[in-house]
Q: 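First the structure, which I've put down as structure tokens, then a few questions once you've had a look.
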Amino acid sequence: MFAIDDGAPFPLGATWDGKGVNFALFSAHATRVELCLFEATGLREIHRITLPCRTEQVWHGYLDGVYPGQLYGYRVYGPYEPHNGHRFNPNKLLIDPYARQLFGRVRWHDALFGYRSGSARADLTFDRRDSARLVPKSVVGNPAHHWGADKPPRTRWKDTVIYEAHVKGLSQLRTDIPQPLRGTYEALGHPLMLEHLVRLGITTVELMPIHAFVDDRFVTDKGLRNYWGYSTLAYFAPEPRYQGNAGTDGLRAAIHALHDAGIEVILDVVYNHTAEGNELGPTLSLRGIDNAIYYKLSPHDRRHCWDATGTGNSLNLSHPRVLQLVMDSLRHWVSSYHVDGFRFDLATTLLRDPYDVSDHAGFLQAIQQDPMLSKVKLIAEPWDVGHEGYRLGAFPPGFSEWNDRFRDTVRGFWRGDPGKLPALGDALAGSALCFRPSGRHPWASVNYVCSHDGFTLQDLVSYDRRHNEANGEGNQDGHSHNLSWNCGVEGPSDDPDIVALRARQKRNLIATVLLSQGTPMLLMGDELSRTQGGNNNAYAQDNETSWLAWDDDGGDPAMLDFMRRTIALRKRFDAFRRHDFYTGHAKDGLKDVYWLAPQGREMTESDWDEDLRRTLGVQFGNDAPDGARFLLLLNAAPEEVSFSLPEDFGDGRWIPVLDSATPDGRPAADAVPLTRASPLVLGARSLLLLQHAPTEEEDGHAPPAHDALRH
């Protein structure tokens with residue numbers, strides 16, 4: 001038998017001190033807490049020990065002779081009173097919310113539920129079946145890890161280029177990486193992976209959820225698996241399915257390797273809900289520890305969860321102990337894994353206090369003043385499904401935000417939708433209408449046209465409709481508002497004209513992302529024309545549908561070079577990475593931005609309001625520190641357009657440096673410079689970037705783009 005003494009109420013979780021382990025668990029309404037120790041397979045419970053002390057709602061005890069690697073769980077006693085929000089059931093083994101590692105997986109069975117199923121009011125009937133064999137076990141972790149000379153890159157926001165990726169999907173089909181490493185954390189840091197990301201020009205990898213998560217029952221019942229990972233089970237533990245032989249140290253090694261390559265790591269985190277679902281969901285952790293504290297409950301009937309997430313429950317960050325759980329988790333990932341930031345899924349839910357959105361929510365105040373977290377990158381997905389849940393532009397300084405208006409505007413413009421020019425101009429300028437009022441900078445807008453949620457870039461130009469039959473939901477899941485265009489044929493095509501048009505549309509879309517003010521985000525595999533066969537909601541497709549096929553370029557072999565070239569342009573010249581928004585004011589005789597009509601004049605109000613106008617010129621960089629000035633021409637019309645320069649633009653030539661009409665973006669050898677005396681013909685559905693080449697009388701100290709972009 002283990003000897004147990006009182007221990008301490010902090011820190012929460014299982015903490016090894018070199019001799020034994022202190023166990024501490026918060027539960028305000030529990031009447032008793034038992035610590036259960038398991039043998040190495042996790043199947044047999046070998047000891048059950050009542051935690052001896054309760055200090056300010058924390059149950060705790062210290063066990064001498066327990067070491068890292070020990071498997072454990074909790075049984076928590078208290079009232080089973082669903083109408084009061086209490087769902088205690090000591091027959092259900094519970095995962096420690098602070099567990100640093102998990103062992104095993106959820107094995108679905110009715111015994112995982114705290115109630116007896118079989119009626120409309122089933123959750124009122126207490127269930128006495130034991131769930132221990134069905135639940136993952138918490139693992140006592142070893143906090144020791146030698147990071148050596150790891151140095152986070154701390155890339156400035158204005159220099160950031162984000163690559164949204166999935167741990168498994170990124171490497172599972174990469175045959176030149178050893179088989180045991182594919183699909184694991186370790187593969188993220190493999191030299192071949194680093195080489196690809198560095199050559200592409202990525203500064204920051206944003207990983208889809210790696211907090212331990214569940215294969216939901218409705219997914220496994222269809223023979224599928226949770227691929228995306230937005231069903232969190234434990235906020236401190238890395239998902240075990242991605243672990244290789246090195247275990248959690250494989251993740252640390254990968255982050256270290258990415259840092260050495262100059263690449264940051266951001267985690268997509270899901271603190272808005274958990275895998276336990278609504279009141280009819282399983283009892284796996286928080287529900288059995290203190291349901292009435294950890295989850296928002298309906299103000300009209302506390303038997304029911306209150307849901308702003310669309311998943312069945314909402315985490316109750318209005319309670320200080322739940323907020324502490326989130327903040328402790330965030331700090332754990334920064335201190336123990338050296339991650340460089342976070343993207344908050346359905347971030348609006350984190351601001352609900354208790355049900356309405358508050359600009360003074362405890363989460364915002366806590367994170368903004370935190371000496372560790374206020375220094376890392378913070379990205380909000382600025383919406384949830386609750387009342388007034390759409391909050392784009394409403395987060396405070398310190399946060400950037402996924403900008404879905406940018407996505408929809410750029411998709412609609414290049415599809416040829418009418419009336420898009422005003423929104424396009426704002427998007428190109430960093431979405432100042434959204435983000436300037438809060439005192440933020442252009443990089444607060446995370447610009448993208450594709451993310452994990454929706455079509456890939458290849459599918460965006462190949463499908464008019466979603467094709468989600470493989471998800472087993474009758475093709476009713478996923479977005480129907482895709483703003484996509486199949487270029488004339490639904491799905492794959494051998495027609496060379498359609499293939500060429502699709503490739504050009506991809507270049508138009510991605511160049512718009514990369515040349516706009518703001519923070520660009522690319523989706524894993526778009527540089528290799530990855531397709532999901534038209535599935536725009538591949539959340540359960542843990543297979544070749546979602547994985548990146550490295551040996552398949554989608555019939556567009558030059559796309560990778562085009563993206564490299566465009567990213568290099570962005571990173572090389574100040575004009576694409578402004579610190580402040582445009583003002584329209586003149587300096588040294590030139591405004592910081594000009595919006596141009598093809599006729600060689602500035603856009604008028606009536607031009608902006610002309611619904612069928614699909615061509616726009618933007619001249620910028622006049623106040624850039626490096627002196628490089630650029631002219632961006634965009635034509636979404638199905639016919640070519642003649643473009644002239646205004647009379648007051650001075651002498652000198654405008655040299656093409658990026659052309660979406662060519663496969664790799666390099667202007668044709670016979671490309672003619674644009675001058676006041678010689679209008680330029682802009683091709684149908686194309687984008688052209690030109691750099692100013694000044695005369696000898698003008699001060700032009702910036703190197704020409706064609707010299708700066710040699711590979």
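Note that the numbering runs from 1 along the sequence shown for the chain.
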Q: With a 4.5 Å cut-off on side-chain heavy atoms, are T283 and L112 touching?
A: no
Q: If the threshold is 4.0 Å, N to carboxylate O, is there a salt bridge linking R105 and D215?
A: no
Q: Which is it for V167 and I210 under the side chain to side chain contact (heavy atoms under 4.5 Å, CB included) test, yes or no, and what are the steps along the way?
A: CA-CA 8 Å; V167 169; I210 64 169; 3.7 Å; yes
Q: Is L280 close to Y115 at the side-chain level, that is, under 4.5 Å between some pair of heavy atoms?
A: yes
Q: According to side-chain hydrogen bond (donor to acceptor under 3.5 Å, both in side chains), who are the partners of E81, at least two apart in sequence or on a separate chain?
A: N84
Q: With N535 as reference, evaluate T545, T456, N471, N475 under the side-chain hydrogen bond (donor to acceptor under 3.5 Å, both in side chains) test and give the passing residue.
A: N471
Q: Throw together a table of side-chain donor-acceptor distances under 3.5 angstrom for residues 354-362, partners on residues two or more places apart or in other chains.
A:
residue : atom : partner : partner atom : Å
Y355    : OH   : L297    : O            : 2.6
S358    : OG   : H360    : N            : 3.0
D359    : OD1  : R391    : NH2          : 2.4

Q: Name the one of W16, Y62, Y72 that satisfies ring-ring contact (aromatic ring centres under 6.0 Å, His included) with F23?
A: Y72
Q: Carefully, step by step, assess S546 and Q541 under the rule side chain to side chain contact (heavy atoms under 4.5 Å, CB included).
A: CA-CA 6 Å; S546 301; Q541 299 301 318; 3.5 Å; yes
Q: Should S335 and M372 be marked as a side chain to side chain contact (heavy atoms under 4.5 Å, CB included) after you check the CA-CA gap, both sets of side-chain angles, and the distance that decides it?
A: CA-CA 9 Å; S335 62; M372 178 183 295; 4.2 Å; yes
Q: Checking Y242 against H166 for the ring pair (Phe, Tyr, Trp, His ring centres under 6.0 Å) test, could you report, in this order, the C-alpha distance in whole Å, the side-chain angles of both residues, the deciding distance, and whether it holds?
A: CA-CA 10 Å; Y242 305 141; H166 186 281; 5.7 Å; yes
Q: Do other residues, nucleotides or ligands put more than 12 heavy atoms under 6.0 Å from the CD atom of Q369?
A: yes
Q: Would you call the rings of F344 and F342 parallel, tilted or perpendicular if under 30° counts as parallel and over 60° as perpendicular?
A: tilted
Q: Is the backbone N or O of G85 less than 3.5 Å from a side-chain atom of N291, with the two atoms forming a donor-acceptor pair by type?
A: yes
Q: Please report the shortest heavy-atom distance between A275 and V214, naming the atom on each side.
A: CB-CG2, 3.7 Å
Q: Evaluate the side-chain hydrogen bond (donor to acceptor under 3.5 Å, both in side chains) criterion for residues T309 and D307: first the C-alpha distance (whole Å), next the side-chain angles of each, then the deciding distance (0.1 Å), finally the verdict.
A: CA-CA 6 Å; T309 67; D307 179 21; 2.7 Å; yes
Q: For W306 versus R352, what's the shortest heavy-atom pair and its separation?
A: CH2-CD, 3.6 Å
Q: What I want to find out is whether D301 reaches R303 closely enough, with some N-O distance under 4.0 Å, to be called a salt bridge.
A: no
Q: Between D370 and K375, is there a salt bridge with N-O shorter than 4.0 Å?
A: no
Q: How long is the straight-line distance from CD of Q324 back to CG of L317, given to the nearest 0.5 Å?
A: 11.5 Å
Q: Relative to the ring of Y230, is the ring of W228 parallel (under 30°), tilted (30 to 60°) or perpendicular (over 60°)?
A: perpendicular
Q: Report the C-alpha separation of T349 and D384 in whole Å, then their side-chain angles, then the decisive distance to 0.1 Å, and conclude whether the side-chain hydrogen bond (donor to acceptor under 3.5 Å, both in side chains) test is met.
A: CA-CA 6 Å; T349 301; D384 66 13; 2.8 Å; yes
Q: Is the count of non-hydrogen atoms from other residues, nucleotides or ligands lying under 6.0 Å from H300 atom NE2 greater than 12?
A: no
Q: Is the gap between the ring centers of H145 and Y337 under 6.0 Å?
A: no
Q: Please say whether more than 12 non-hydrogen atoms of neighbouring residues, nucleotides or ligands are located less than 6.0 Å from OH in Y390.
A: yes
Q: Test side-chain hydrogen bond (donor to acceptor under 3.5 Å, both in side chains) on S329 and Y271 and set out the steps.
A: CA-CA 10 Å; S329 169; Y271 295 112; 2.7 Å; yes
Q: Assess the pair Y80 and H86: is the distance between their ring centroids shorter than 6.0 Å?
A: no
Q: According to ring-ring contact (aromatic ring centres under 6.0 Å, His included), who are the partners of H319, at least two apart in sequence or on a separate chain?
A: F26
Q: Roughly how far apart are N245 CG and T184 OG1, rounded to 0.5 Å?
A: 8.5 Å
Q: Check N91 against D127 and note the closest heavy-atom contact, atom names and distance.
A: ND2-O, 3.6 Å
Q: Flag the pair L224 / D542 as yes when at least one side-chain heavy-atom distance between them is below 4.5 Å, and no otherwise.
A: no
Q: Return the minimal non-hydrogen interatomic distance between L378 and G398, and the atom names on each side.
A: CB-O, 3.6 Å
Q: What pairs meet the salt bridge (charged side-chain N to carboxylate O under 4.0 Å, His left out) rule with one or both residues in residues 28-47, with sequence neighbours excluded?
A: R32-E34, E34-R48, E45-R48, E45-R75
Q: Kindly check if the number of other-residue, nucleotide or ligand heavy atoms within 6.0 Å of CZ (R241) is above 12?
A: yes
Q: Is R87 paired with D123 through a side-chain N to carboxylate O contact shorter than 4.0 Å?
A: yes
Q: Quick check: are there more than 12 heavy atoms from other residues, nucleotides or ligands sitting under 6.0 Å from CG of D17?
A: yes
Q: If the condition is side-chain hydrogen bond (donor to acceptor under 3.5 Å, both in side chains), which residues does T204 pass it with, not counting sequence neighbours?
A: E264
Q: Can you tell me how the ring of Y448 sits relative to the ring of W402, calling it parallel under 30°, perpendicular over 60° and tilted otherwise?
A: tilted
Q: Quick check: do D216 and D221 have side-chain heavy atoms less than 4.5 Å from each other?
A: no
Q: Could you list the residues that satisfy side-chain hydrogen bond (donor to acceptor under 3.5 Å, both in side chains) with S480, not counting sequence neighbours?
A: none
Q: What pair of heavy atoms forms the shortest contact from D477 to N468, and how long is it?
A: O-ND2, 3.0 Å
Q: Quick one: does NZ or CZ of K137 land under 6.0 Å from the six-membered ring centre of F38, within 45 degrees of the ring axis?
A: yes
Q: Could you tell me whether R343 and D268 make a salt bridge, using a distance below 4.0 angstrom between a side-chain N and a carboxylate O?
A: yes
Q: In the structure I gave you, are the side-chain heavy atoms of L94 and V76 within less than 4.5 Å of one another anywhere?
A: yes
Q: Looking at every heavy atom in both P52 and I4, which two are closest together, and how far apart are they?
A: CD-CD1, 3.6 Å
Q: Taking only Lys NZ, Arg NE, NH1 and NH2, and the carboxylate oxygens of Asp or Glu, determine whether R321 and D290 approach each other closer than 4.0 Å.
A: no
Q: Are H338 and W333 close enough, and set up right, to give a side-chain hydrogen bond (donor to acceptor under 3.5 Å, both in side chains), and what steps lead you there?
A: CA-CA 6 Å; H338 287 199; W333 287 98; over 6 Å; no
Q: May I have the step-by-step check of side chain to side chain contact (heavy atoms under 4.5 Å, CB included) for R287 and Y294, ending in yes or no?
A: CA-CA 7 Å; R287 172 158 291 137; Y294 283 103; over 6 Å; no
Q: Check for a donor-acceptor pair, side chain of E206 on one end and backbone N or O of L267 on the other, with a separation under 3.5 Å.
A: no
Q: Can you check whether G244's main-chain N or O pairs, donor with acceptor, with Y185's side chain at less than 3.5 Å?
A: no
Q: Classify the ring geometry between F113 and W108 as parallel (under 30°), tilted (30 to 60°) or perpendicular (over 60°).
A: tilted
